[in-house]
Amino acid sequence: MDARKIGPHRATAPEFYMTPPVVRLRDFSRSFGDDTVISGLNLDIAPGEFVTLLGRSGSGKTTLLRTLAGLDPTTGQDVTVPDSRAVVFQDARLLPWKKVWRNVALGLRQGDVRRRAEDALREVGLEHRLDAWPLTLSGGEAQRVALARALVREPRLLLLDEPFAALDALTRLRMHELVLALWTRHRPAVMMVTHDVDEAIALADRIVLLDQGRIVTQERIEAPRGERAHVARGLRSRLLSALGGHVAEGPSPAEIIALHAGGLA
Amino acid sequence: MSARPSSRILSFGALAHTLRSARWLSPLLFLLLWELGSRCGLIPERTLAAPSTVLSTMLDMALSGELSNNLWVSFLRVAIGLAIGITIGVVLALVAGLSRQGEVAVDPIMQIKRTIPTLALTPLFIVWFGIGETPKIALIAFASIFPVYLNLYSGIRSVDVRLLEGARSFGLSRAEQIWHVILPGALPSLLVGLRYSLSVAILVLVVAEQINASAGLGYLINNARDFMRTDIIVVCLMVYAVLGLAADALVRAVESRALVWRPSIVSQ
């Protein structure tokens with residue numbers, strides 16, 4: 001955090017950043033013992049930007065997310081993250097002994113905590129489950145509570161760690177819509193970790209592809225969400241070949257994705 | 001007219017069915033056989049009193065206040081002993097569970113304590129505390145420390161780290177993490193420990209009360225033994241059983257209130 005090298009690195013940042021970034025990592029490395037998980041990583045995330053972090057298991061994406069979440073120590077590293085941040089984990093991590101609204105209100109200290117929790121739960125469509133016990137929720141509902149719990153803090157940085165990986169396909173699509181709606185309304189910077197290429201293409205402003213602790217490639221998607229069909233095919237094959245998948249000519253992209261989904265998971 | 005026999009057969013069939021699935025039937029038969037054996041002299045009064053005698057003795061003792069007075073004395077011993085033991089157990093478990101230094105300091109001693117059967121300490125406690133109320137309460141307290149300690153300690157240590165991490169990511173302080181995550185997470189284990197402590201406490205009460213007591217259920221039993229009053233002994237045994245059942249019901253009641261969030265209880 002202390003030795004901040006701004007000069008030479010600033011030039012490498014894309015022109016996209018008119019305002020100072022909310023997340024700024026310079027030459028970031030992390031290793032466990034002899035095992036280097038992330039090395040020499042530079043990353044900026046602009047306010048309100050939706051970034052998805054794509055990579056296979058062991059690529060270091062979860063480690064990166066934990067760093068941004070403040071769950072891992074960053075002593076001696078050039079890491080800037082906002083204080084106001086919130087995480088949605090793959091498993092919702094609701095406290096089973098607290099009712100839904102109390103889970104959302106966890107750690108809130110100011111104002112009418114109950115009303116704020118209610119408002120957040122209304123936003124994710126769960127106003128009827130305020131007093132439910134978490135263990136009675138479905139997977140999708142639990143994940144919506146986790147979203148409400150993150151958003152009630154009005155974070156500048158929202159971190160999503162494969163939040164929809166455990167949900168069925170239909171629920172996942174609904175959750176995509178919900179996340180986009182909430183992001184549009186609240187405009188936090190989002191960093192979402194996923195291993196689903198289609199999910200990344202559907203949601204992101206920018207896709208960052210991580211492999212063996214390094215950023216292999218980045219793709220910025222300018223096309224508005226919902227009108228990305230024409231860019232999706234090319235993006236998919238570029239991302240998959242960067243991930244090391246063999247993209248055969250012939251089968252439709254959807255089939256390729258299906259073929260590779262298992263290998264990337 | 002033709003309907004009556006068939007309905008009688010039906011009700012007889014229903015009765016037979018009820019009898020076959022009735023769990024109270026065999027204990028009742030046992031009591032009847034016991035009563036029969038006593039009536040025809042097969043079981044002498046000095047070996048074991050008849051159920052009817054036990055019942056009337058119990059009524060007499062209840063009406064004279066003899067039973068309730070002595071029960072109260074025994075109840076106080078258990079209650080005070082448990083209160084002390086549970087408090088110590090909870091405090092030690094919190095110290096050992098919540099800090100590494102605490103664990104290093106407390107856990108070895110507790111593990112050594114575990115290997116000593118509490119009742120084997122009775123002679124030492126008599127030397128230290130005499131033969132009054134103190135050694136009885138001390139024995140009960142000493143015995144009830146460990147189940148609470150062990151279960152709460154392991155409950156604290158096995159709290160889901162992912163939940164703790166989640167709480168940490170929302171900026172909860174260490175104290176808030178303990179209050180909102182660790183303690184509620186360890187509560188089910190504490191209640192298991194509590195149940196064990198209660199049953200151990202009653203077990204130790206039975207033995208401790210035989211130490212030169214001048215009141216209490218143990219005193220009643222000792223007295224009855226000297227006069228070969230098996231009816232009084234059986235009455236006291238029944239009261240001990242009721243004490244055990246009451247203790248269990250108490251923990252159950254606490255559980256159903258404290259653990260309402262559990263799905264098995266939620267679905268009821």
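Proteins come first, then strands; the chains are lettered A, B, ... in the order of their sequence lines, and each starts at number 1.
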Got a second to check how far A:Leu95's CG is from B:Trp261's CH2, nearest 0.5 Å? 10.0 Å
Heavy-atom contact with chain A under 4.5 Å, split by part of B:Glu176: side chain
Using a 4.5 Å heavy-atom cutoff, which residues in residues 182-197 of chain B come close to chain A? B:Pro184, B:Gly185
Does A:Gln212 have more than 12 heavy atoms from other residues, nucleotides or ligands lying within 6.0 Å of its CD? no
Using a heavy-atom distance cut-off of less than 4.5 Å, which residues of residues 102-112 of chain B contact chain A? none
Give a yes or no on whether A:Arg185 atom CZ has more than 12 heavy-atom contacts from other residues, nucleotides or ligands under 6.0 Å away. yes
From A:Leu135 CG over to B:Arg262 CZ, what is the distance, rounded to the nearest 0.5 angstrom? 9.5 Å
Atom CG of A:Asp83 with >12 non-hydrogen neighbours under 6.0 angstrom: no
Could you name the residues of residues 96-126 of chain A that have a heavy atom within less than 4.5 Å of a heavy atom in chain B? A:Pro96, A:Trp97, A:Lys98, A:Leu106, A:Gly107, A:Arg109
Drop me the distance from A:Arg85's CZ to B:Phe170's CZ, to the nearest 0.5 angstrom. 11.0 Å
What part of A:Asp91 is in contact with chain B, defined as an atom under 4.5 angstrom from a non-hydrogen atom: side chain, backbone, both or neither? side chain
Between atom CG of B:Leu164 and atom CG of A:Leu71, what is the distance when rounded to the nearest 0.5 Å? 11.0 Å
Checking heavy-atom separations under 4.5 Å from chain B, one finds in residues 142-176 of chain A A:Arg149, A:Ala150, A:Arg153
Could you measure the distance from the CG atom of A:Leu65 to the OG atom of B:Ser169? Nearest 0.5 Å is fine. 9.5 Å
Neighbour count >12 (heavy atoms, 6.0 Å) for atom CZ, B:Phe129: yes
Would you name the heavy atoms of B:Leu163 and A:Leu94 that are closest together and state the gap between them? CD2-O, 3.5 Å
